Peer 1: 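Pasting a structure here, questions to come.
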Amino acid sequence: MKMQTRRNFLNNILLGSLGAGLTTPFTACAVENGIKKTSIQLPIIEEVDICVLGGSCTGVFAGVRAARLGATVAIVEKQNAFGGVATSSLVNIWHSLYDTEAKQQIIAGLTNEVIERLSLRNAVNVSPNPSSAYTFNSQELKIELDELVLEAGIHPYLHTLFSEPCLDEEGKLVGVIVDNKSGRGIIKAKYFVDATGDGDLCYRLGLNSYTFDLLQPPTTCAHFEGWNFKEFDSLLKEHATEFNIPDGFVWGAMLPNTNVYMLAGTRVYKADCSIADSLTKAEIEGRRQIRAMMDMLRKYGSKENMPGLVALPSYIGIRETRHIKCLYQISDEDAMYGKHFDDAIANGSYRLDIHHQDKPGLTFRYLDGSEVYVRPGFPDQRSRWRKEMDVDPTFYQIPLRSIIPLKYDNLMVAGRMLDAAIIAYSGIRVMVNMNQVGEAAGVTSYLALQQNKKIEDVSPLEVRAELKKGDSIII
C-alpha cells in the first residue's frame, strides 16, 4: 500500500470544481511582514445555499429557520454539541418571554418551541420570576438541538473549526476554510451567517469592529450536588478575601428533576476572550475560583453536608468581546426608552444588566426608570436613572439594520457581536433576545437567496412577515 502525506493527499485532489477564480485571502507563496502566505490547494467539502458559523442556539435557530423555508444549510461548530452558552457553558436559564408587566407575550418562535419540546421530557421548569422564567437541563437541550438540526435537514459539522474566509478574484466571499478530523477544506455557500459570538468571520474579513474599554467579565459556571446556597452566601461574605475569590455577583438554578445545582459565582475581570492568551488565562482563572470556593467550603462549611463538584463547562461563559460595525448601532437611549423600529426583528424585556469591570457587583437598570446597585454582602443601593414618566416602556426592540455588516453583500451577524452601545448591549445580549436575532438572520438570508439580492436590499417588511409566519412575535 502506497503511503502519502496529508499535503500530497490534498494536492492530489483536483480542484476543477472549485473554479479557477476561487482563492483564499492568502494566495502567494511568500513571507510578507513576518506572515507566511500559502497557495496550497484545498478540497471543497460541500456546497450549500447558506453556511452558519457557530452552533449556539442563535446559530442553530438561524439555520433551522432558513432550512425550513427550503434552503440547503450547513452549521459549523467547534464544540462537540450545539447550544453555546446554554449547553457548553452550563447557563441553564432563559428569561421571560413577556413584557416587564408580564401582560403581553413578546417572544415566541423557536425559543417557545424548544421550551415546549423540553417540557415533554420534564426537562424545564417555569417560574413567575422574569429573570429565571425557564430553567432547563442543559444536557437535555444538547440532544433537543441535535434533533432540531437533523429534522430540518441541515448538515451539521461538530468538532469543526473555522479557519479563514475564502474570496474569489473579485473579492466576494464565496466560502470558508474549516479544519476537522477529516482535514482542511472549503465549504462554499451563497450566503453566510456569522454566529461565532466573537464575530470571527467578520473580523478575519477585515470588517470594522470595536470593543468597549470595560468589557462585561466572563463567568465560569459549575454543577454541584448537595449545594447549600444560604451557607455558601454567608461564608463568601466572610472568607472570600482569604481564598482570593473576587467580589462580584452570585446566582444559580437547579437543573429540573435532579439534585444538581448550577452556580454562576465566578468573575474573571479584565479578560478579553477574543484574544487567545486572554481566553486561556480566563479559563484557568475561572476554574481556580471554583476550586477556591470548594476549598472555602471544606475549611469552614458543614462537614455533614459538603457539596460535591460534579461538572465544569467545556468553555467559559463569555458575555462580551468585539462588536461588528453594522448599518445601525442600537443606542443606549433606544433600549432604555423602549424605542420601536419599523424593521424590528426581536423584542426584549430583560433589565439592563451592567456587569462592572471597574468595581464589584452589578447595576440593574429598569425600563420604569429605577436602578439598583447590587453587591454581595452589602445592602442594595436603589436610585433612579431618569425621572418618572406618565407611561413607561415595557420592552425594547432590536432592528434588522443592527445585524447587517457594512461591506459584504452576502453576510449577516447573529449574536452578541451585533452593533449596540454599551448600556443597550447589557440587556440586549441575553439568550432569549439573541435567539430571535438568529431566526431573523436565517429568514433574511433565505429571502436574499430566493430573490437573488444583497442582504441589505431585502425588504424588512418581508422579513417581518416571514418571521411572523414562522410563529415569531412581530410588533
Side-chain angles (χ1 to χ4, degrees), residues 54 58 62 192-216 272-274 318-357 363 365 367 385-386 393 395-441 443-445 454-461 463-464 467 474-475:
T58 303
F192 298 83
V193 177
D194 186 341
T196 59
D198 300 317
D200 290 333
L201 174 56
C202 294
Y203 185 74
R204 293 178 190 186
L205 282 166
L207 297 184
N208 289 335
S209 65
Y210 60 93
T211 56
F212 298 120
D213 291 337
L214 297 175
L215 292 173
Q216 296 199 9
D272 181 349
C273 293
S274 66
I318 302 171
R319 292 185 174 87
E320 181 181 21
T321 55
R322 64 172 71 98
H323 297 266
I324 304 301
K325 193 64 183 169
C326 293
L327 296 177
Y328 181 80
Q329 183 183 70
I330 305 169
S331 71
D332 293 335
E333 290 73 21
D334 290 342
M336 293 190 297
Y337 289 89
K339 181 178 179 178
H340 286 205
F341 296 93
D342 292 339
D343 63 337
I345 44 82
N347 310 302
S349 61
Y350 181 66
R351 60 199 177 188
L352 303 173
D353 180 354
I354 305 168
H355 291 249
H356 304 290
Q357 281 271 23
T363 295
R365 185 168 289 184
L367 295 182
W385 61 267
R386 66 161 170 82
F395 63 93
Y396 43 76
Q397 295 191 313
I398 300 173
L400 181 63
R401 290 165 286 167
S402 67
I403 60 172
I404 302 176
L406 296 174
K407 183 177 180 182
Y408 289 88
D409 299 333
N410 59 343
L411 172 64
M412 301 192 73
V413 300
R416 57 181 169 81
M417 77 293 283
L418 86 172
D419 199 353
I422 187 167
I423 296 176
Y425 175 77
S426 68
I428 286 171
R429 66 178 176 80
V430 298
M431 288 185 278
V432 291
N433 296 340
M434 293 301 99
N435 291 351
Q436 299 170 82
V437 167
E439 293 183 70
V443 166
T444 306
S445 298
K454 301 176 181 179
I455 290 289
E456 64 182 280
D457 291 339
V458 174
S459 166
L461 294 178
V463 174
R464 284 163 55 86
L467 283 168
I474 299 298
I475 302 172

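Note that the structure is a prediction, hence the values are computed from the model and not measured.
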Peer 1: How long is the straight-line distance from CZ of Arg351 back to CG of Leu367, given to the nearest 0.5 Å?
Peer 2: 12.0 Å
Peer 1: Could you check if a side-chain atom of Leu201 sits within less than 4.5 angstrom of a side-chain atom of Met417, using non-hydrogen atoms only?
Peer 2: no
Peer 1: Report yes or no: does Thr444 contribute a side-chain atom to a donor-acceptor pair with the main-chain N or O of Ala441 at less than 3.5 Å?
Peer 2: no
Peer 1: Taking the side chain as everything from C-beta on, heavy atoms only, tell me whether Phe212 gets closer than 4.5 Å to Leu214.
Peer 2: no
Peer 1: Do Arg416 and Thr321 get their side chains close enough for a donor-acceptor pair, meaning under 3.5 Å?
Peer 2: yes
Peer 1: One pair to check against side chain to side chain contact (heavy atoms under 4.5 Å, CB included): Gln329 and His323. What are the steps and the verdict?
Peer 2: CA-CA 10 Å; Gln329 183 183 70; His323 297 266; over 6 Å; no
Peer 1: Can you tell me how far the CD atom of Glu456 sits from the SG atom of Cys326, to the nearest 0.5 Å?
Peer 2: 11.5 Å
Peer 1: How long is the straight-line distance from CE of Met336 back to OG of Ser331, given to the nearest 0.5 Å?
Peer 2: 7.5 Å
Peer 1: Any carboxylate oxygen within less than 4.0 angstrom of a Lys/Arg side-chain nitrogen, looking at Asp198 and Arg322?
Peer 2: no
Peer 1: Should Leu411 and Leu207 count as side-chain neighbours, where that means a heavy-atom distance under 4.5 Å?
Peer 2: yes
Peer 1: Could you tell me whether the side chain of Asp343 and the main chain of Arg401 form a donor-acceptor pair under 3.5 Å?
Peer 2: yes
Peer 1: Could you check whether Asp334 and Tyr328, counting side-chain N and O atoms only, form a donor-acceptor pair closer than 3.5 Å?
Peer 2: yes
Peer 1: Closest heavy-atom contact between Ala335 and Leu352?
Peer 2: CB-CD2, 4.4 Å
Peer 1: Going through the distances and angles, do Met434 and Ile428 end up as a side chain to side chain contact (heavy atoms under 4.5 Å, CB included)?
Peer 2: CA-CA 8 Å; Met434 293 301 99; Ile428 286 171; 3.6 Å; yes
Peer 1: So which heavy atom on Gly338 is nearest to which on His340, and how close?
Peer 2: O-CD2, 3.1 Å
Peer 1: Tell me if the OH atom of Tyr203 is crowded by more than 12 foreign heavy atoms within 6.0 Å.
Peer 2: no
Peer 1: So does Lys325 get a backbone contact from the side chain of Asn208, meaning a donor-acceptor N/O pair under 3.5 Å?
Peer 2: no
Peer 1: Got Asn410 and Lys454 here, is their nearest side-chain heavy-atom distance under 4.5 Å?
Peer 2: no
Peer 1: Measuring only between side-chain heavy atoms, which start at C-beta, is Gln436 closer than 4.5 Å to Ile398?
Peer 2: no
Peer 1: Would you indicate whether the side-chain heavy atoms of Glu320 and Arg429 approach each other to under 4.5 Å?
Peer 2: no
Peer 1: Starting at CD of Gln216, measure out to CD1 of Ile354 and round the result to the nearest 0.5 Å.
Peer 2: 8.0 Å
Peer 1: Got a second to check how far Asp342's CG is from Arg464's CZ, nearest 0.5 Å?
Peer 2: 7.5 Å
Peer 1: Give the intermediate values and the outcome of side chain to side chain contact (heavy atoms under 4.5 Å, CB included) for residues Tyr408 and Ile455.
Peer 2: CA-CA 9 Å; Tyr408 289 88; Ile455 290 289; over 6 Å; no
Peer 1: Could you tell me which non-hydrogen atom of Val463 sits nearest to which non-hydrogen atom of Ala440, and how far apart they are?
Peer 2: CG1-O, 4.4 Å
Peer 1: Under the side chain to side chain contact (heavy atoms under 4.5 Å, CB included) criterion, do Leu406 and Leu327 qualify, and how do the steps go?
Peer 2: CA-CA 6 Å; Leu406 296 174; Leu327 296 177; 3.7 Å; yes
Peer 1: With heavy-atom distances below 4.5 Å as the criterion, would you say the side chains of Tyr396 and Ile330 are in contact?
Peer 2: no
Peer 1: Is there side-chain contact between Ile324 and Asp419, with at least one heavy-atom pair below 4.5 Å?
Peer 2: no
Peer 1: Under 3.5 Å, side chain of Asp353 to main-chain N/O of Gly427, donor-acceptor pair present?
Peer 2: no
Peer 1: Please give me the minimum heavy-atom distance between Ala346 and Asn433, naming the atom from each residue.
Peer 2: CB-O, 4.3 Å
Peer 1: Taking atom OG of Ser402 and atom CD1 of Ile345, what is their separation to the nearest 0.5 Å?
Peer 2: 6.0 Å
Peer 1: Can you name the nearest heavy-atom pair linking Asp332 to Ala424, along with the distance?
Peer 2: OD1-N, 3.0 Å
Peer 1: Of all heavy-atom pairs between Ala420 and Tyr210, which one has the smallest distance, and what is that distance?
Peer 2: N-OH, 3.1 Å
